[in-house]
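Notes follow once the structure below has been shown.
Numbering of ligands and ligand atoms starts at 1, following listing order.
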Amino acid sequence: MLSVASECVPLIKTGGLADVVGALPAALAGQGWDMRVLLPAYRSLRAGAAGWARLWAAEDLFGGPGQVLAGQVAGLSVLLLDAPHLFDRDGGPYAGPGGDWPDNPQRFAALGWAAADIARLGLGDGWQPDVLHAHDWQGGLAPAYLRYRGAGQVRSVLTVHNIAFQGWAPAGLLGALRLPPEQFHSGALEYYGGLSALKAGLVTADAITTVSPTYAAELMRPEFGMGLQGVIAARAGQMTGILNGVDTDVWSPETDTGIIPYSARTLKRKALNRAALEAAFGLTVPGPLAIIVSRLTDQKGIDLIPGAMPAFVEAGGGLVVLGTGDPALEAAMRGLAARFPGRVGVRIGYDEAMSHRLFAGGDAVLVPSRFEPCGLTQMYGLRYGTLPVVAATGGLADTVIGASPATLAAGVATGIVFAPADALGLALALRRLTGLYADRKTWARLQRNAMRQPVGWAASAAAYARLYEGLAG
Ligand code: ADP
């Protein structure tokens, strides 16, 4: 099994993609899959590969020589594509000081080319995968090269983590990217007059996945598909949604060393964490204490928060926000803290350790996203008995069972799910939160339900294993 991506924890990360790519090999090892991960040898990774075995090489890899070096990092079998003309430079994986790298099409074409070549012919040590798993647009050309150059027995999977990034390139690059001209039509490579590495992968991969079942269905609709809805709808039969898992070594209230540990049986100790959190932010909150740990963007519905706060605070609620992002939203959050001293606390910044204290100390985590492919913070909330209050979209809809008379009676509710993701929807959800919180017995039951949810990687790893097995035949 060869996985190809532009990011992988613990080597290089800018977003959730890296967590998934880094978690899958260990999760799938338990299912009997030997997975190697191919990544670009960015400058920050190159030094660590000194002495690694060279298992593949090309004299001309889109403008210069390239080689693949194999080694082990933190239990992962890593393959680094060392092509200095493409990857050995200061800056981020996708952009430098002047914005996106202008040769991004060639950079990730090279990654896809090497991946397809390894899948077709194997590595110098005799290893050859039976499935090639590519991630997002940066891996999108791997299934395309595999298909167009002759796949043999090897099958391919493309996972969409974020449809918003599509790997666009001008049509004039078709030849330079070594793509077959006869495939430049709307049923294959052509995308609104140009090229898209993501579309190329979507039309050529044997199977497509995305990171939740609801998002898989949403992607076929114009509001979510961002231009690719038709392409995805045409391949609905090959599309599945598989939820991401949470790293339960890091996210478990019983063993978390950054908090006062507690479990579903010792929920009284959770109150100590709440008291510590209130003290840290100078708050005294009579009702439910909500938290937000998030990028501060419109996608996440953060702009809906200010409108909903006055009524929530009036009803006894409080809020602690940890996040960074859009400057206007950062200012709006600071404004709330100034307007509601003692009730709203805000920390602008990215702080992993503090995020644990928020999940331990909060009663509820607010995730009013307009779209959410999978989402992680609602799952942390479940594990910590910090009930998720989420918009009914994407992975949020798939992981939280909203409290209703029926789900409460059945004893299965784990949070509050609302729709639509707008000001009124959120306001009603917060009113519901205050009401449920006041009913201490029901609340405790919801917490215990939430904490029992299996949000680790086991179920997802099994789903990926079934998919790979079906493909490898
Ligand atoms: P997305 O990838 O769209 O930002 P996810 O919910 O999938 O949303 O993942 C976000 C991750 O980043 C979570 O692990 C969350 O806890 C973390 N995170 C976001 N903002 C912060 C912050 N300001 N401080 C610490 N962790 C954060």
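Counting non-hydrogen atoms of neighbouring residues, nucleotides and ligands closer than 6.0 angstrom, the CD atom of Q299 exceeds 12 such neighbours. When the shell of 6.0 Å around CZ of R265 is examined, it contains 12 or fewer heavy atoms from other residues, nucleotides or ligands.
Closest protein heavy atom to atom 1 (P) of ligand 1: K300 NZ, 3.5 Å. Protein heavy atom at the shortest distance from atom 4 (O) of ligand 1 is R295 NE, 2.7 Å. Among all protein heavy atoms, the one lying closest to atom 2 (O) of ligand 1 is G16 N, 4.1 Å. Scanning the protein heavy atoms around atom 17 (C) of ligand 1, the nearest turns out to be Y350 OH, 3.7 Å. Protein heavy atom at the shortest distance from atom 16 (O) of ligand 1 is Y380 CE1, 3.4 Å. Closest to atom 24 (N) of ligand 1 among all protein heavy atoms lies D351 N, 3.0 Å. Of the protein's non-hydrogen atoms, T377 CG2, 3.7 Å is the one closest to atom 15 (C) of ligand 1. Counting protein heavy atoms only, atom 5 (P) of ligand 1 is closest to L376 N, 3.7 Å.
Relative ring orientation between H161 and H135 is described as tilted, the plane-to-plane angle lying within the 30° to 60° band. Below 30°, between 30° and 60°, or above 60°: for W457 and Y464 the angle between ring planes is between 30° and 60°, a tilted geometry. Classification of the Y384-Y262 ring pair by plane angle, with boundaries at 30° and 60°, yields perpendicular. Taking the six-membered ring where tryptophan is involved, the planes of F359 and Y380 are perpendicular, since the angle between them exceeds 60° and thus also 30°.
Closest approach of A364 to L433, counting heavy atoms only: CB-CD1, 3.8 Å.
Using modelled atom types, one finds no donor on one side chain facing an acceptor on the other under 3.5 Å when comparing Q166 with Y192.
Interface atoms of ligand 1 facing G349, defined by a heavy-atom separation under 4.0 Å, are 22 (C), 23 (N).
By the definition of a contact as any protein heavy atom under 4.0 Å away, atom 22 (C) of ligand 1 is in contact.
Contact annotation for M354 and ligand 1: no heavy atom of the residue comes within less than 4.0 Å of the ligand. Within the 4.0 Å heavy-atom criterion, the part of S294 lying near ligand 1 is the backbone and not the side chain.
Across V400, T407, L387, a single residue satisfies side chain to side chain contact (heavy atoms under 4.5 Å, CB included) together with T414, and that is V400.
In this structure, G375 counts as a contact residue of ligand 1, since one of its heavy atoms falls inside 4.0 Å of the ligand. At least one heavy atom of G323 sits less than 4.0 Å from an atom of ligand 1.
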